[in-house]
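What follows is one structure encoded as structure tokens, with my remarks underneath.
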Amino acid sequence: MSVHARLRDAAAESTWLQRSVVVGLVLSIAWSSWSVPPSDLTARAVRDVVVFLLIPAALAATHGRDLGFHVDRRALRDTLALAAFVFPFYLVGASLPSIRAYYPMWETSTALGEFLPHMVQQLLVVVAAETYYRGLLCVGVSDEFGFKSVFISPVVYALHHVGKPPIELLLSGPTDVLFGAVDYHSQSLLPSIVAHGLGLTLLDWLTLHDPVIPPEAVLSALRWLPVPL
């Protein structure tokens, strides 16, 4: 039997859980290998939509699986709760010097004609990311893996945050677990998409203006953290 035939047979015999995890690993490598200019948000949105949204969605469709693309009352309640919980973190974070030096990640201004297209493209990046991390690697395998599916993607999520401000890297793993747990509870991506997408929009808007909270007050309150702020 040829190597190709063996691989084909192995793929045919694999479970949805095995396929989703293997495809998830391949997509992570593909995402890292597909280089885009750091300052080009459009190129970033195209890459992320193709790798993290279209391919997982196509895989799920061919297997009759749900990645969390639906909305019901539980999803709406969880969305409001998660958004309310993370709002203070974005508000406080926008006063940290390291965050203000890094955001907005892509150049924009407070002029609505410039900020709104920026917001839409950034939201596409968020939807793609949530489809991959919380959809393919969490909600999509929750029937087979149960609540443990919440802990599949935090390491990958943290690795993809390397190069960002240290405080953000420190919080990326716990944030992934939190978002995954809420999406798992609602079986919907709506909570993490809204919390992540509107949170980043708020963060960009705040960092384009004077800090709402004095930076010295935030630095004093968080000086116990083991990372530079």
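The only option from Thr79, Val182, Leu82 that meets the side chain to side chain contact (heavy atoms under 4.5 Å, CB included) definition with Leu190 turns out to be Thr79. When the options Asp183, Thr175, Asp78, Thr131 are evaluated for a side chain to side chain donor-acceptor pair (under 3.5 Å) with Ser192, the one that passes is Asp183.
Hydrophobic clustering (side-chain heavy atoms under 4.5 Å, transitive across Ile, Leu, Val, Met, Phe, Trp, Tyr) keeps Val177 apart from Leu136. Note on Leu80 and Leu76: separate hydrophobic clusters, where clusters join Ile, Leu, Val, Met, Phe, Trp and Tyr whose side-chain heavy atoms are under 4.5 Å apart, directly or indirectly. Hydrophobic clustering, with ILVMFWY side chains joined whenever heavy atoms are under 4.5 angstrom apart, keeps Trp205 apart from Tyr102. Connection of Leu123 to Leu53 is established within a shared hydrophobic cluster, with ILVMFWY side chains joined at heavy-atom distances below 4.5 Å, either directly or through further cluster members. Side-chain heavy atoms closer than 4.5 Å link hydrophobic residues (I, L, V, M, F, W, Y) into clusters, and following such links, possibly through other members, connects Phe87 to Leu203.
Formation of a donor-acceptor pair under 3.5 Å by the Trp106 side chain with backbone atoms of Tyr103 is not found in this model. Under the 3.5 Å distance criterion, the side-chain polar atoms of His185 are left unmatched by any main-chain donor or acceptor of Ala181. Put simply, the side chain of Arg100 gets close to the backbone of Ala94: a donor and an acceptor are under 3.5 Å apart.
Annotation: side chain of Trp34 is in contact with side chain of Val50 (closest heavy-atom distance under 4.5 Å). Inter-residue side-chain proximity for Tyr90 and Leu206 is flagged as unmet; no heavy-atom pair is nearer than 4.5 Å. Contact annotation: the side chain of Ile99 approaches that of Ile167 to within less than 4.5 Å [non-hydrogen atoms, C-beta and beyond]. With contacts defined as side-chain heavy-atom distances shorter than 4.5 Å, the pair Leu200/His196 qualifies. In this structure, the side chains of Leu67 and Pro56 come closer than 4.5 Å at one or more pairs of heavy atoms. No side-chain heavy atom of Ser20 sits under 4.5 Å from any side-chain heavy atom of Leu137. Inter-residue side-chain proximity for Ile55 and Leu27 is flagged as met; some heavy-atom pair is nearer than 4.5 Å.
Among all heavy-atom pairs drawn from Pro215 and Pro211, the shortest one is CG-CG, 3.8 Å. Across Cys138 and Arg134, no two heavy atoms sit closer than the pair CB-O, 3.2 Å. Taking each heavy atom of Ser95 and Val218 in turn, the nearest pair found is CB-CG2, 3.8 Å. Closest approach of Tyr184 and Ser149 over heavy atoms only: CD1-OG, 3.8 Å. Nearest heavy-atom pair, Gly24 versus Tyr132, reported as atom, atom and distance to 0.1 Å: O-OH, 2.6 Å. Between Gln18 and Thr15, the shortest heavy-atom distance links the atoms OE1-N, 2.8 Å.
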Applying side chain to side chain contact (heavy atoms under 4.5 Å, CB included) to Phe179 and Glu130, what does each step give before you reach the verdict? CA-CA 9 Å; Phe179 282 15; Glu130 296 304 324; 4.2 Å; yes

Yes or no on side chain to side chain contact (heavy atoms under 4.5 Å, CB included) for Leu219 and Leu96, after CA distance, side-chain angles and deciding distance? CA-CA 7 Å; Leu219 290 172; Leu96 293 173; 4.1 Å; yes

Leu41 vs Val125, test: side chain to side chain contact (heavy atoms under 4.5 Å, CB included). Steps then yes/no. CA-CA 9 Å; Leu41 176 55; Val125 171; 4.2 Å; yes

Using the rule given for side chain to side chain donor-acceptor pair (under 3.5 Å), can you reason through Gln187 versus Ser142, listing the C-alpha separation, both sets of side-chain angles and the distance that settles it, and then say yes or no? CA-CA 9 Å; Gln187 288 295 292; Ser142 59; 3.2 Å; yes

Apply the test side chain to side chain contact (heavy atoms under 4.5 Å, CB included) to residues Leu208 and Ser109: give CA-CA distance (whole Å), side-chain angles for both, the deciding distance (0.1 Å), then the verdict. CA-CA 7 Å; Leu208 288 170; Ser109 73; 5.7 Å; no

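Summarising the geometry, atom OG belonging to Ser188 is positioned 11.0 Å from atom CZ belonging to Arg74; distances are rounded to the nearest 0.5 Å. Taking CG from Leu178 and CG from Leu171, the interatomic distance works out to 11.0 Å, rounded to the nearest 0.5 Å. In this structure, Leu112 CG and Met119 CE are separated by 9.0 Å, a value rounded to the nearest 0.5 Å. Here Gln121 contributes atom CD and Asp48 contributes atom CG; the two are 11.5 Å apart, rounded to the nearest 0.5 Å. A distance of 13.0 Å separates OG1 of Thr42 from CZ of Arg47, quoted to the nearest 0.5 Å. Residue Thr108 holds its OG1 atom at 9.0 Å from CG of Leu116, rounded to the nearest 0.5 Å.
Of the N and O atoms on the side chains of Thr201 and Gln122, not one donor lies less than 3.5 Å from an acceptor on the other residue.
The pair Asp40-Arg44 does not meet the salt-bridge criterion, since no charged nitrogen lies less than 4.0 angstrom from a carboxylate oxygen.
Below 30°, between 30° and 60°, or above 60°: for Trp31 and Phe52 the angle between ring planes is below 30°, a parallel geometry. Note on ring orientation: taking the six-membered ring where Trp is involved, the planes of His118 and Phe115 are tilted (angle from 30° to 60°).
Heavy-atom neighbours of Glu107 CD from other residues, nucleotides or ligands within 6.0 Å: at or below the threshold of 12.
The cationic group of Lys148 lies under 6.0 Å from the six-membered ring centre of Phe145 and within 45° of the ring axis, placing it in a cation-pi geometry.
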